[in-house]
Amino acid sequence: RSDDGRAWTIVDVSMHEVEGSGIAFGNGVYVVSAHDPYGHETSGRLLTSPDGATWSVLETGRETIDVAFGDGLFVATAPWDGGASYVSPDGDEWNRQEAFDVPVYVTFGQGVFVGFDFESTTLVSEDGDEWRRVQALPPDFRFRHGASFAGGRFWAAAQADCDLGEDCAPPTTASSADGGVMIHDP
């Protein structure tokens, strides 16, 4: 964690045997989506903290990949094993919603949660429980890491879907003001 983006303090959460993959802050609480990189029987956890230093663990039973906060709600995504999203107003009590279409990466902006699944389809939800497919990238592109809302637009990094060693198209950015997709070549 850092107060200025230059000097960083490492917060050790290894005692919880997790690897964090997404973080959000809202309603005075930090929430980290986390999974078990050690291959233990328990996988899938959410970590919560009031101060970013001391953490509590919630076992979800599914690996959560990302988390976003918006409109008074945390939404954590768990796309594997059939798919589920977790929704909470406070980071303590979570509602699990089973769903086939659940994004891997999620962000919030303009009153909606927007995310991308493994097939690079854009998914949109007003409440984090019900997701609807909006649009997909061209078949040879894949969203790779993360989603963000900045400057009044949704953003995600996309890359040509090719094997290591092939000549791949350069990475592109995808952005949209409404959760749909536009591709911008560099």
Side-chain angles (χ1 to χ4, degrees), residues 1-99 101-118 122-131 143-150 154-157 179:
R1 69 179 192 216
S2 174
D3 292 328
D4 61 9
R6 287 175 247 178
W8 290 84
T9 301
I10 294 175
V11 177
D12 185 7
V13 295
S14 63
M15 73 289 266
H16 301 298
E17 297 182 336
V18 295
E19 184 175 282
S21 52
I23 188 165
F25 178 81
N27 292 342
V29 178
Y30 295 92
V31 174
V32 172
S33 59
H35 63 278
D36 175 6
Y38 305 105
H40 297 145
E41 292 299 314
T42 32
S43 68
R45 297 176 174 111
L46 291 168
L47 303 178
T48 61
S49 174
D51 57 12
T54 56
W55 295 88
S56 300
V57 177
L58 169 69
E59 298 286 341
T60 63
R62 301 241 176 114
E63 289 189 286
T64 56
I65 301 303
D66 204 3
V67 62
F69 181 83
D71 208 19
L73 294 174
F74 288 100
V75 173
T77 58
W80 287 294
D81 299 323
S85 59
Y86 295 84
V87 179
S88 172
D90 58 13
D92 286 329
E93 299 292 323
W94 292 83
N95 176 43
R96 181 168 92 183
Q97 180 68 35
E98 304 290 326
D101 284 329
V102 175
V104 179
Y105 303 109
V106 64
T107 191
F108 181 85
Q110 296 186 356
V112 294
F113 292 94
V114 174
F116 311 99
D117 69 8
F118 290 115
T122 305
L123 300 164
V124 177
S125 175
E126 285 76 24
D127 60 9
D129 281 335
E130 307 252 342
W131 294 91
F143 287 116
R144 292 295 182 201
H145 298 287
S148 183
F149 183 80
F154 293 95
W155 292 88

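Values reported hereafter were calculated over all heavy atoms of this structure, with side chains retained and with hydrogens, waters and symmetry mates removed. The first residue of the sequence shown is numbered 1, and numbering continues consecutively from there. Computed from a predicted model, the values in this text were never measured in an experiment.
Contact check for Asn27 versus Phe69: side-chain heavy atoms found under the 4.5 Å cut-off. In this structure the side chain of Pro103 never reaches within 4.5 angstrom of the side chain of Asp66, judged on heavy atoms. The shortest distance between side-chain heavy atoms of Leu58 and Thr48 does not fall below 4.5 Å. Counting heavy atoms from C-beta on, the side chains of Phe74 and Leu46 never come closer than 4.5 Å. Contact of the Thr122 side chain with the Val114 side chain is registered, since non-hydrogen atoms from C-beta on lie closer than 4.5 Å.
In plain terms, the two heavy atoms of Ser88 and Glu93 that are nearest each other are OG-O, 2.7 Å. Between Ser33 and Ile65, the closest heavy-atom pair is OG-O, 3.1 Å.
Contacts of Val75 classified as side chain to side chain contact (heavy atoms under 4.5 Å, CB included), with partners at least two apart in sequence or in another chain: Val87, Phe113, Trp131. The ring pair (Phe, Tyr, Trp, His ring centres under 6.0 Å) test applied to Tyr86 returns no partner, not counting sequence neighbours. Evaluation of the salt bridge (Lys or Arg N to Asp or Glu O under 4.0 Å) rule for Glu126 yields Arg132 as partners, not counting sequence neighbours.
Atom CG of residue Asp117 and atom OG1 of residue Thr77 lie 11.0 Å apart, to the nearest 0.5 angstrom. Atom CH2 of Trp94 is separated from atom OG1 of Thr60 by 10.0 Å, given to the nearest 0.5 angstrom. Interatomic distance, Arg45 CZ to Ser56 OG, rounded to the nearest 0.5 Å: 13.5 Å. The OG1 atom of Thr107 sits 8.5 Å away from atom CZ of Phe116, with the distance rounded to the nearest 0.5 Å.
Under a 3.5 Å cut-off, the side chain of Ser49 and the backbone N or O of Thr54 do form a donor-acceptor pair.
Test Gln97, Glu98, Glu130 against Ser85 for side-chain contact (heavy atoms from CB on, under 4.5 Å) and you get one pass: Gln97.
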